[in-house]
Student: 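After the structure tokens below, expect a handful of questions from me.
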2 protein chains.
Amino acid sequence: MRTPHGVSLTYGLLETLGQSIVSGAYDGRGFPTEAELCTQFSASRTVAREAVKMLTAKGLLSARPRQGTKVEPVSRWNLLDPDVTRWLMERPFSNTIYREFTEVRLAIEPVAASLAATRANRKDIQAIRDGLNGMRDNASEHEQALQADIEFHVAILRASGNPFFWQLRELINTALRISISITNKVAGHTASIPAHEAVLLAIEAGDAEGAQLAMQAILRESLDLIGTYQPELA
Amino acid sequence: MRTPHGVSLTYGLLETLGQSIVSGAYDGRGFPTEAELCTQFSASRTVAREAVKMLTAKGLLSARPRQGTKVEPVSRWNLLDPDVTRWLMERPFSNTIYREFTEVRLAIEPVAASLAATRANRKDIQAIRDGLNGMRDNASEHEQALQADIEFHVAILRASGNPFFWQLRELINTALRISISITNKVAGHTASIPAHEAVLLAIEAGDAEGAQLAMQAILRESLDLIGTYQPELA
DNA sequence: TACACAAAATTATAAGATAAATCAGGGCCA
DNA sequence: TGGCCCTGATTTATCTTATAATTTTGTGTA
């Protein structure tokens, strides 16, 4: 689950309900009443109540006396909440959500790279380099290469020195895992080492503009791939 | 407060505690125990518990038996949560936070503008235009001009068609309100109408690249202003 | 028709009891 | 001495039962 120290009833119910809501399980019908939650999940009122309150805090639900609890429209969800992005990923794959994820990355990561070029210290750069090396050394081991890829991108977010960017690490994590599952299907395609290396070199050189462009190139390619994988209907 | 339908004890306590935590009120000392919260705020355990659970959902707190409840390090806060950004704004002003806000805008808004250039429909464009006109017509009325400025930027987020961008409206709102209070102090400086018009024109023309650059120009100027206002120490 | 009022349903709040987790200390054994 | 286990204490977690507050819906009356 997600708690730092094992699972609890409340956090378990939070996960279950969060996933269900995000998957649209309550779209037509109304959300269960407090009493119904208790019987359906054989939980106490406290547990049901606190799970609902946490989902409310994440913008997924709202409750008022007599009217009951209802699922909020997507426009009110805290989409950038780490839990919410995870639930979004865990539901059946959708091209649309992946494109939207990648558009966010296309906005954030190039700017993060350019800031990193100005601000990164020795340790930050080493972390980025470790990610790149991990991608190189494990090119054949998919899971490890993916892990290194994630480390590379997250290290740049951290090197930007802006905690808001660092905040998006969970989304990057999510998006990259989806990305890999697609690019593998497309053409045995793997993350381009040279493109990633270009980002690192620009950051080391303090070349903000170059780092931004190099990162843009990586993400534009990602965005193109999704188009070729399965044309959007929308 | 923040509830859709009036205030409640739980939401009131949520606000109070959220603001206190963000302001660093519990930085040295430990967070009050459940029982202490009840007595300090004369609330029932249910209320205290649910407020704490909501703050936990926003990443500000964590709780475990015997150890008590503690404030999480900033790196775990859900900084992009609308409530959290609002609390951040409401605390005494900090140059750092404003710069960080603006860096996020510098990442998001130009890309949003470029997407809007491709996707915006008639209604979206009208909303953007309304914002621009509002800025023009109310140039002397500060509050109304600010409101129009916000509408302009938020309309572009919506026109991007990406709900994740739209999600950042609260942060934009917050950042712009801070921005105005600074730019007014600097030199009677007001938001540049021509710069905003350039964005609109590019979007209408379907010029993604141009829209991106025009929006970048607006935000780079904002970022420069903060530097001139009061040099960062850090 | 319009207004006031009563009834019902559901969340909000309160309060007490028990369970679970974990930290600190002490005692026991090698 | 050093390590291990047990016990106790503390704090959150969970369960339970009441009561209050809110708001919709209907109902009756002028």
Side-chain angles (χ1 to χ4, degrees), chain A residues 1-18 20-21 25-26 28-73 76 83, chain B residues 1-18 20-21 25-26 28-73 76 83:
Chain A
M1 296 288 181
R2 195 61 187 26
T3 350
H5 349 280
V7 191
S8 66
L9 295 182
T10 302
Y11 283 92
L13 186 54
L14 171 68
E15 286 291 319
T16 303
L17 291 177
S20 300
I21 292 167
Y26 299 107
R29 81 197 89 166
F31 195 80
T33 193
E34 186 182 290
E36 288 167 344
L37 282 176
C38 292
T39 58
Q40 278 180 35
F41 298 94
S42 47
S44 72
R45 284 190 55 209
T46 309
V47 169
R49 211 130 224 308
E50 291 181 351
V52 166
K53 270 287 184 298
M54 286 199 279
L55 291 165
T56 301
K58 293 175 187 300
L60 270 56
L61 296 177
S62 71
R64 43 190 313 195
R66 163 72 207 186
Q67 181 183 290
T69 303
K70 62 174 195 177
V71 176
E72 288 285 297
R76 301 187 67 92
D83 288 326
Chain B
M1 297 286 179
R2 194 63 186 23
T3 349
H5 348 280
V7 191
S8 66
L9 295 183
T10 303
Y11 283 92
L13 186 53
L14 171 68
E15 286 291 319
T16 304
L17 291 177
S20 300
I21 293 168
Y26 299 108
R29 81 198 87 165
F31 195 80
T33 193
E34 184 182 290
E36 289 169 342
L37 282 177
C38 292
T39 58
Q40 278 180 35
F41 298 94
S42 46
S44 73
R45 286 186 51 213
T46 310
V47 169
R49 203 129 235 308
E50 292 180 351
V52 167
K53 270 290 183 296
M54 286 199 279
L55 290 165
T56 301
K58 292 174 185 301
L60 270 55
L61 295 176
S62 71
R64 38 192 316 196
R66 160 75 203 185
Q67 182 183 287
T69 304
K70 63 174 194 179
V71 175
E72 288 285 296
R76 301 188 67 92
D83 287 326

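Because the structure is predicted, anything quoted here is derived from the model rather than measured. In what follows, chains are A, B, ... by sequence order, proteins preceding strands, each numbered from 1.
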Student: In residues 34-55 of chain B, what residues come within less than 4.0 Å of DNA chain D, judged by heavy atoms?
Tutor: E34(B), R45(B), R49(B), K53(B)
Student: Return the minimal non-hydrogen interatomic distance between G18(A) and L55(A), and the atom names on each side.
Tutor: CA-CD2, 3.9 Å
Student: Please write out the pairs of protein N or O atoms and N or O atoms of nucleotides 5-8 of chain C separated by less than 3.5 Å, giving the distance to one decimal.
Tutor:
none

Student: Quick one: which residue pairs count as a ring-ring contact (aromatic ring centres under 6.0 Å, His included) with a foot in residues 29-73 of chain A, not counting sequence neighbours?
Tutor: Y26(A)-F31(A)
Student: Can you tell me how far P of dA13(D) sits from CG of L13(A), to the nearest Å?
Tutor: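 Rounded to whole Å, this separation is 15 Å.
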Student: How about T69(B) and R64(B): do any of their side-chain heavy atoms sit closer than 4.5 Å?
Tutor: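 With C-beta onward as the side chain, the pair stays apart.
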Student: So, is R64(A) near the phosphate of dT10(C), with a side-chain N or O under 4.0 Å from OP1 or OP2?
Tutor: no
Student: So, OP1 or OP2 of dT11(C): does either fall under 4.0 Å of a side-chain N or O from T69(A)?
Tutor: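 Answer is yes, contact under 4.0 Å.
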Student: Taking only residues two or more places apart in sequence or in another chain, which ones pass side-chain contact (heavy atoms from CB on, under 4.5 Å) with S44(B)?
Tutor: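 Per chain and number, S44(B) pairs via side-chain contact (heavy atoms from CB on, under 4.5 Å) with T46(B), V47(B).
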Student: Whole angstroms only, please: what is the OH-C1' distance between Y11(A) and dA20(C)?
Tutor: 16 Å
Student: Quick one: side-chain contact (heavy atoms from CB on, under 4.5 Å) partners of R45(A), sequence neighbours excluded?
Tutor: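 For R45(A), the residues satisfying side-chain contact (heavy atoms from CB on, under 4.5 Å) (neighbours in sequence not counted) are E34(A), C38(A), R49(A).
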Student: Find out whether L61(B) and K70(B) are in side-chain contact, i.e. whether some heavy atom of one side chain is under 4.5 Å from a heavy atom of the other.
Tutor: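 Answer no - side chains too far apart.
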Student: Which residues satisfy the side-chain contact (heavy atoms from CB on, under 4.5 Å) test with Q40(A), sequence neighbours excluded?
Tutor: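 Scan of Q40(A) (side-chain contact (heavy atoms from CB on, under 4.5 Å), adjacent residues dropped) gives P32(A), E36(A).
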Student: Taking all heavy atoms of A48(A) and all of L13(A), pick out the closest pair and write down the distance.
Tutor: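 Nearest pair, atom of A48(A) first, then L13(A): CA-CD2, 3.8 Å.
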Student: Provide, to the nearest angstrom, the distance between the CD atom belonging to Q67(B) and the C1' atom belonging to dA20(C).
Tutor: 15 Å
